[in-house]
Amino acid sequence: MQILIYELKMALGGVKHTSPGRDDICYAMIQQLSDRSLEIILKLFNMIWNAGKLPSSWKHGIIIPIGKPGKDKSNPINYRPIALTSNLCKLMEKKILYRLTYELEKKGKFSKYQCGFRGKRSTMDALIKVSNEVEKTIAMKEIMAVVYFDIEKAYDTVWREGLLIKASRIGIDGNMYNWLSQFLFERTFVVQVGMCQSSIYKAENGIPQGSVISPILFNIMINDIFDDVGFGVGCALYADDGAIWKRGRNTKQVISGMQTAINKVEEWSIEWSFKMSTSKSSYMIFSRKKEDFKDIKLLLYGKPLEQVKSFKYLGMWLDGRYTWNKHIEEIDKKCMRVLNVMRAIAGKEWGAERDSMITIYQALIRSTVDYGCMIYGSASESLLIKLDRIQYRAIRICLGAVKTTPVNALLVEANEMPLKLRRVQLSLVFWTSLKSYTGESIAKDVLNNCWEYLSNERGYGWKINQLAEKYQIANMECSVSPVWGEVPKWIISEVKIDLGILDKKREWEEMGMIKYQVNKYIQERFYASMHIYTDGSKKPRSGITGIGVYIPEFKISIIKRLTSKLSIYTVEMVAIIIGLTWVEEVKPDRVVICSDSASVLTSLFTYYTAREDLMCEIFSLLWRIQRIGIEVAFCWVPAHAGIAGNESADELAKNALKREEIDFNVPLSKGEIKSIVKENIIKEWQENWNTDNKGRHLYNIKKIVGKKCINGRNRKEEVIMTRMRLGHSRLNASLFVIGVHETGLCENCGEKETVEHVIYDCKRFDEERKELISNLNERGKVNKDLAYLLGYDFNRDRVGYRMLIEYIYTTGLSERI
């Protein structure tokens, strides 16, 4: 099947601007080419595809060695090779990759335990499976032996002929097989350091580094590594990071079974020319029994494997007693280094502004704490509180708050959710991912009920279904992803999508002729086509959704009430599906679907979407419609611009919201369920904030969580306003709490020196206060309410904000707060 022009355009639309190879052609250059020039590139691609012969320049790479952090730079082994290859070749690889992935995934050729380099799979899949098995072992008072395998130079030692043998066995043939054969052999490279290059060398073995298609080729090669490990042996694989395990009560039986499994993996490696590293491979024994496991030996290639007490597997430290001590200790060390950096870039009166500081916290600390939190969340409270302290310290630095500030007020002011609630949120988001998986998945098994779950454990598998019930998502139908569809997209002709009105909308609006020009545009471009207008609608609070489809030529109106809580993007896609279904049934000659959703029409062009299931349905409909000779085009029209057809469709969609019964059930996407989870989590956070007895000073100012705080012009102003809002500063009342001041009273008035006192009552500042009140009175803004003075009104009233800051400066309070 020939590569089509719209496939090339889609590939160009999704590229990242990487460095070019020897030809110096970068993606940005190709994106600027005209359609005529792209047709020439397409012709070249199809000639290569049909002939099965690649240009030699496409098989040449420039290797840039990058030193591994913390390693000895004098040893060549401690460098990571980065290969620069032709971007034109990578562009063709992208199209080959999609076709190859489609065939392998749709036919279920990959083993379910392979989690690497696959759509919607991640390291969490392998980690959640391993941790779940360990939790079951602990719950059942068993032992579990786990072996972690490391393949020496995995990419560089792939046996190319063996890869082609495996490709042939799983059904890869024809042009695809010929292309892969040419792609793998006769490759050359040079090593470049600075401006100096080595001589040209021939790559004798392995698959190309830095290639788009190499990861899936490696998956093909390693796909059957654990096929023969035997009954009762579990396994997980992320790229070349593999683990096998066996659990039971009888130690000898477990170790014997593990040795047999290791022997099978060893035989596989010899057959397919891989070598497991005996120095980097190791094993662990998980158990809380008092039994001594030091005498246990497992052999690989006749050499004993090292037994370790803790091991870093896919970024998480696992320890033999499954306490998470080591992992949380490592998180603490890493985050403390970041905290030191944060202290160095912001102080009380100087440094980065609050938004920048919070961004640093989110990128370097919160991301570290988030990784795997749904797994290590089963750790003891005494360990998890260490992570809470890290969060509190980081937020205090970001805001410039004093140490006496209540932590709940800190988090509300910074709009950062407590880690305990965030762990729940991320656990439910991952639950949604597991529910949406198509095909087999080792991680999805964790959600299934089993007899081990009857014990009282705190692991992910034990609690996640109860959490889904608590947060009202357990019974929601989730759309599947990834979806490969009944029809591959490369056999569908290019979809005609007209966004011309979008480019001219502003110009026509300035002319005051938007309605006239749009109608004229549609009539001129699609005069011979039947017009079908589609629209969707949603009630913001209840989440009720509905669609309307209007066909003016026949005065046909279609109204459908849809599932609640869908996004408006999904609703608009369903409206188009309903319109195309009508086209398939009635069979007009030419049709133009007019929609006011630019995001949906753009998705149809690029094929990048959050609703793969609906996108596949649209393309399947288009394929069937095209086969019977019907021409279909799509055109964007502006909403609420007086376009008669669009206004009718909009009215129909709003009428659909009034229906009691749901006419069309649509599964919710992962993103839509994620929004529901977040909404429920924030609701719980709000309830905690409402009922807590701490942080009441800020509560009077900021009653709603999840809102962004005000920002000043510089760090000093932000710190002053933050401390005033939080009610904890360097005033005497706060100093008294930490034992620095004897009484906490104002030296002039004899009353408690709080923020309220120095703004409203302190006699020392009578003159300055009169001026402040006078200025506020002139603007009609005076209000004897601290919540007003320090609250959100200053987001809109920047003049009032400046007046208050000026008052603080002129009174000298800025140096004390």
Side-chain angles (χ1 to χ4, degrees), residues 5-6 9-10 12-15 17 27-38 494-540 545-552 566-576 579 590-611 615 618 632-654 671 708 795-796 798:
I5 185 65
Y6 89 97
K9 290 180 179 179
M10 283 194 296
L12 272 174
V15 297
H17 293 285
Y27 288 129
M29 295 166 60
I30 305 172
Q31 288 174 328
Q32 299 302 317
L33 295 176
S34 65
D35 286 351
R36 184 178 178 84
S37 299
L38 290 178
E494 182 177 2
V495 181
K496 298 176 182 177
I497 298 171
D498 193 326
L499 299 175
I501 298 174
L502 187 62
D503 299 329
K504 299 179 181 180
K505 180 189 174 188
R506 180 173 293 181
E507 178 187 343
W508 292 346
E509 284 177 335
E510 291 174 354
M511 295 168 56
M513 302 177 65
I514 182 73
K515 179 180 177 180
Y516 170 77
Q517 292 288 358
V518 169
N519 285 324
K520 180 183 176 183
Y521 183 96
I522 295 173
Q523 290 301 325
E524 288 178 353
R525 293 293 182 96
F526 306 104
Y527 64 91
S529 299
M530 179 183 294
H531 299 172
I532 298 177
Y533 291 87
T534 67
D535 203 2
S537 187
K538 178 180 179 179
K539 284 186 178 179
T545 62
I547 61 101
V549 178
Y550 183 64
I551 302 104
L566 295 170
S567 67
I568 196 66
Y569 173 84
T570 296
V571 174
E572 294 280 5
M573 289 190 82
V574 174
I576 289 175
R590 291 182 180 176
V591 170
V592 57
I593 307 287
C594 300
S595 170
D596 59 13
S597 176
S599 58
V600 171
L601 296 185
T602 303
S603 295
L604 289 176
F605 176 72
T606 62
Y607 209 83
Y608 293 103
T609 177
R611 291 306 305 251
M615 186 65 74
I618 289 174
V632 179
F634 295 87
C635 181
W636 181 83
V637 294
H640 312 298
I643 312 304
N646 183 257
E647 294 295 331
S648 298
D650 180 62
E651 186 64 28
L652 293 172
K654 289 177 179 176
K708 190 175 181 180
N795 275 334
R796 299 181 293 273
R798 303 301 292 182

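For the numbers below, each heavy atom of this structure counts, side chains included, while hydrogens, waters and symmetry mates do not. We number each residue from 1, following the sequence as shown.
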When the side chains of residues 523-530 are checked against the rest of the protein, which donor-acceptor pairs come out under 3.5 Å, sequence neighbours left out?
residue	atom	partner	partner atom	Å
Arg525	NH1	Asp498	OD2	3.2
Arg525	NH1	Tyr521	OH	3.1

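- Note that the OH atom of Tyr550 and the CD atom of Glu647 stand 12.5 Å from one another [nearest 0.5 Å].
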Practice task
Evaluate the criterion side-chain contact (heavy atoms from CB on, under 4.5 Å) for residue pair His531 and Val637; output intermediate values, then yes/no.
Solution key: CA-CA 12 Å; His531 299 172; Val637 294; over 6 Å; no
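- For Ile30 against Leu38, the heavy-atom pair with the smallest separation is O-CD2, 4.0 Å.
- Atoms OG1 and CD1, from Thr534 and Ile547 in turn, are 8.0 Å apart once rounded to the nearest 0.5 Å.
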Which donor-acceptor pairs under 3.5 Å do the side chains of residues 501-520 make with protein atoms, sequence neighbours left out?
residue	atom	partner	partner atom	Å
Asn519	ND2	Lys515	O	3.2

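- Under the rule for a side chain to side chain contact (heavy atoms under 4.5 Å, CB included), the partners of Ser537 that lie at least two apart in sequence or sit in another chain are Ala653, Lys654, Leu657.
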Practice task
Applying side-chain contact (heavy atoms from CB on, under 4.5 Å), run through Asp535 and Glu651 and close with a yes or a no.
Solution key: CA-CA 9 Å; Asp535 203 2; Glu651 186 64 28; over 6 Å; no
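- The two residues Val571 and Gly536 come nearest to each other via the heavy atoms CG1-CA, 3.5 Å.
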Exercise for the section: Give the C-alpha distance, both sets of side-chain angles, the deciding distance and a yes or no for side-chain contact (heavy atoms from CB on, under 4.5 Å) between Ile532 and Val549. Expected result: CA-CA 7 Å; Ile532 298 177; Val549 178; 3.7 Å; yes
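- Atoms CZ and CD1, from Phe634 and Ile497 in turn, are 6.5 Å apart once rounded to the nearest 0.5 Å.
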List the atom pairs, donor and acceptor, that lie under 3.5 Å between side-chain atoms in residues 592-605 and the rest of the protein, sequence neighbours left out.
residue	atom	partner	partner atom	Å
Ser595	OG	Ser597	N	3.1
Ser597	OG	Ser599	OG	3.3
Ser597	OG	Val600	N	3.3
Thr602	OG1	Ala598	O	2.7
Ser603	OG	Tyr569	OH	2.7
Ser603	OG	Ser599	O	2.9
Ser603	OG	Tyr608	O	3.4

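- Legend: residues meeting side chain to side chain contact (heavy atoms under 4.5 Å, CB included) with Ala610, ordered by chain and number and at least two apart, are absent.
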